[in-house]
Novice: 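Dropping the structure in here first, questions after.
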Amino acid sequence: MRPIPEPLICSLGHVATTAEFARRGYEARDIRLAIQAGVIRRASRGVYLCRHADADQLTAAAAHARITCLSALRRAGVWAGLDQSLHLQLPPNSHSARRPVRDRDDRSIHYHWAPVKFDRAPRKSWLVDPIEAVWQAIHCLDEEHAVACLESAVHEKFLTEQEVRRIGANAPRHLQRGIREMEFTSDSGQETIARRRLRRIGFHVVAQEKISGLPYSEDLVVDDCVALETDGKKWHGPERFEPDRQRDVVLAGFGRVSLRLTQRMILHEWPSTLAAIERAVRDAKRTR
Ligand SMILES: [Zn+2]
Ligand SMILES: [Zn+2]
């Protein structure tokens, strides 16, 4: 008899099943010993957690479900839109009766029963494989966020470009145009969204344009005269304060107007943000 060691369950992602323990040579009594020693606790029949498991894992384990879709993407830093509910995948033949509709933090729970689309055995008992998670997400998101999610999946190295193309080939019709127009240049979902919205209304937008002689590129350049920084992850933190200001001044020296847009400006205040961009482009053209 040997109780299950904590590093083992940690290596499995802080959630493990009886079957996973059995494959590593541990029996029911080893599980009992580990519970008595406080190393693991039982979440539901045949599912165990260590003390590092987070709230999503707890809810998923209690429901015998895997974390999927937007919730799986968010764990990997992939764009998942604005919906903050917990997305879980139940085994194909499980019943829907008496499933909780909200988690402990009062977030709503969205269940998927979708059969597996891409034949890949999941590597974790509690988490859906990346390609499946993205496949489900593009069905849960609207067109704009779905395309941003696909670009982001590649940018965050969650999927390869080839895997995203495979998903794209099977994706619903309303996504096909956006999928054809994908560029894997964006640092963030909001950058993808801003780029596509501006192009749709006729602006010429170039992504990640390098200014010759300078060590950095601009997220988006509109009509070759106004630069947009879309305030993705790379801009967070006080260490960015000085370099960001320096960059603004250098760009001004090149005669380039630069606007720094936050997520809120793009996703929640777009009409006034667009009006400011249009004005900046008009003024820049006139000055020329
Ligand atoms: Zn752990
Ligand atoms: Zn979903």
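Just so you know, residue 1 is the first one in the sequence shown, and it goes up from there. Just so you know, ligand 1 is whichever comes first in the structure, and atom 1 is the first atom listed for that ligand. Just so we're clear, the structure is a prediction, and the values are computed from it rather than from any experiment. Just so you know, these numbers use all the heavy atoms, side chains as well, and skip hydrogens, waters and symmetry mates.
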Novice: Counting N and O atoms only, with roles assigned by atom type, does the side chain of E132 sit under 3.5 Å from a partner on the main chain of V128, one being a donor and the other an acceptor?
Specialist: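 Absent.
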Novice: Taking backbone and side chain together, does C140 place any N/O/S atom at a distance below 2.8 Å from the Zn ion (ligand 2)?
Specialist: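 So C140 does bind the Zn ion (ligand 2) by this criterion.
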Novice: Restricting to N, O or S atoms, which atom of H14 is closest to the Zn ion (ligand 1)?
Specialist: ND1
Novice: Pairing donors with acceptors under 3.5 angstrom, does anything connect the side chains of Q208 and T185?
Specialist: no
Novice: What atom name does the N, O or S atom of H52 nearest to the Zn ion (ligand 1) carry?
Specialist: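 When I compare the N, O and S atoms of H52, ND1 is nearest to the Zn ion (ligand 1).
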Novice: With the side chain counted from C-beta on, respond yes when I138 and P172 share a heavy-atom pair under 4.5 Å apart, and no when they do not.
Specialist: yes
Novice: T68 and side chain to side chain donor-acceptor pair (under 3.5 Å): which single residue from Q136, H112, H110 fits?
Specialist: Q136
Novice: Can you name the N/O/S atom of H87 that is nearest the Zn ion (ligand 2)?
Specialist: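 Nearest N/O/S atom: ND1.
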Novice: Calculate the angle formed at the Zn ion (ligand 1) by SG in C50 and SG in C10; 10° precision is enough.
Specialist: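 It is 120°, given to the nearest 10°.
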Novice: Any side-chain donor-acceptor pair under 3.5 Å between D103 and T59?
Specialist: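 Distance-only check fails for D103 and T59.
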